[in-house]
Amino acid sequence: MNMKKIIKELYPYVIIIVVVVLFRTFIATPVRVDGDSMNSTLNNGDILILNKLNNNYKRFDIVVIKMNNTRLVKRIIGLPGENIEYKDNELYINGEIIEDVDTSRTADFSLNELYGKTKIPKDSYFVIGDNRGNSLDSRDYRVGIIKKSDILGTTKIRLFPLNKIGKFN
């Protein structure tokens, strides 16, 4: 076999590999839920599709955050410029009650008592796990208020387990 024929035969495989690498790098990639902080919406070991193209984050979006060498899956509850507080298991945004998507018990806290701030800074978000009693999230100084640049993207599709494949809220 001559070199030209080998290159011609390998060419389609090289193109496929390049397309897959580019797709995973810039568009979407699988991500695994690690821990119980998103129960009951998501469970430990669930595999999700991370959409890297969406960077227009809204309240209650589920996002994947890079923190050190780990990825955290959390829900956005506070947007830039907002004052956030939980009181008597009610979510208050700028002093008004907002219906929360999660009904689990949430201990009282405020942005001011946690961080001495009256508003979430520009290009930053307050994130929390759906398992409010067992979640390392923005209520903890180790996570803090999340910068937009630390959000890898959103997720709405579960790939595994197979009996729960598809979109989730």
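FYI, the numbering just counts along the sequence from 1. Model, not experiment: these values are computed from the prediction.
Between atom CZ of residue R158 and atom CG of residue L42 there is a gap of 5.5 Å, rounded to the nearest 0.5 Å. With rounding to the nearest 0.5 Å, the separation of CG in N43 from NZ in K164 is 4.5 Å. To the nearest 0.5 angstrom, E85 atom CD is 10.5 Å from I97 atom CD1. Here CD of E90 is found 9.0 Å from CD of E99. Values are rounded to the nearest 0.5 Å. With rounding to the nearest 0.5 angstrom, the CG atom of D46 is 8.5 Å from the CG atom of N39.
Minimum interatomic distance between I47 and P30 (heavy atoms only, all atoms of both residues): CG2-CB, 4.1 Å. Heavy atoms only, all atoms of each residue included: E113 and S110 are closest at N-OG, 3.0 Å. The two residues V63 and I76 come nearest to each other via the heavy atoms CG1-CD1, 3.7 Å. Minimum interatomic distance between V33 and N44 (heavy atoms only, all atoms of both residues): O-OD1, 3.4 Å. The two atoms that bring L111 and E82 nearest to each other are CD2-O, 3.8 Å, heavy atoms only.
Proximity of S37 to D137: side-chain heavy atoms (C-beta onward) are nowhere separated by under 4.5 Å. Looking only at side-chain heavy atoms (C-beta outward), T41 and N131 stay at 4.5 Å or farther from each other. Residues Y125 and D61 have side chains not in contact (no heavy-atom distance under 4.5 Å, counting atoms from C-beta outward). Contact annotation: the side chain of D88 approaches that of D108 to within less than 4.5 Å [non-hydrogen atoms, C-beta and beyond]. At least one side-chain heavy atom of T70 sits less than 4.5 Å from a side-chain heavy atom of M67. At a threshold of 4.5 Å between non-hydrogen side-chain atoms, the residues L48 and M38 do not count as touching. Residues I120 and L79 are not in side-chain contact: their nearest non-hydrogen atoms beyond the backbone lie 4.5 Å or more apart. Looking at F60 and D100, their side chains come closer than 4.5 Å, going by heavy atoms from C-beta outward.
For N94 (side chain) and N83 (main-chain N/O), a donor-acceptor pair under 3.5 Å exists by modelled atom type. Panel note: side chain R75, backbone I128; no donor-acceptor pair is recorded below 3.5 Å. Not a single donor-acceptor pair under 3.5 Å links the side chain of R139 to the backbone N or O of L136. Panel note: side chain R59, backbone I77; a donor-acceptor pair is recorded below 3.5 Å. At distances below 3.5 Å, at least one donor-acceptor pair connects side-chain atoms of S138 with backbone N or O atoms of G144.
The number of heavy-atom neighbours closer than 6.0 Å to CG of N134, taken from other residues, nucleotides and ligands shown, is above 12. For K148, the NZ atom is densely surrounded, since the number of other residues' heavy atoms within 6.0 Å is greater than 12.
In summary, the side chains of T154 and K58 do not present any donor paired with an acceptor at a separation below 3.5 Å, with no hydrogens or angles considered.
Applying the ring-ring contact (aromatic ring centres under 6.0 Å, His included) definition to pairs two or more places apart or across chains, those involving residues 66-102 are Y86-F109.
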Requested in this report: Could you walk me through whether I151 and V64 pass side chain to side chain contact (heavy atoms under 4.5 Å, CB included), step by step?
Outcome: CA-CA 6 Å; I151 300 175; V64 178; over 6 Å; no
Query - Evaluation steps, side chain to side chain contact (heavy atoms under 4.5 Å, CB included), between Y57 and V127 - result: CA-CA 11 Å; Y57 308 118; V127 299; over 6 Å; no
Requested in this report: Report the C-alpha separation of I84 and L91 in whole Å, then their side-chain angles, then the decisive distance to 0.1 Å, and conclude whether the side chain to side chain contact (heavy atoms under 4.5 Å, CB included) test is met.
Outcome: CA-CA 7 Å; I84 184 169; L91 170 61; 3.9 Å; yes
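Tracing side-chain contacts under 4.5 Å through hydrophobic residues (I, L, V, M, F, W, Y), one never reaches L72 starting from I62; they form parts of separate clusters. No chain of hydrophobic side-chain contacts below 4.5 Å, direct or via other Ile, Leu, Val, Met, Phe, Trp or Tyr residues, connects L152 to I146. In this structure, I65 is not a member of the same hydrophobic cluster as I49, with clusters built from ILVMFWY side-chain heavy atoms closer than 4.5 Å. In the hydrophobic cluster analysis, where Ile, Leu, Val, Met, Phe, Trp and Tyr join through side-chain heavy atoms closer than 4.5 angstrom, Y115 is grouped apart from V143.
In this structure, D150 has no salt bridge (charged side-chain N to carboxylate O under 4.0 Å, His left out) partners at least two apart in sequence or on a different chain.
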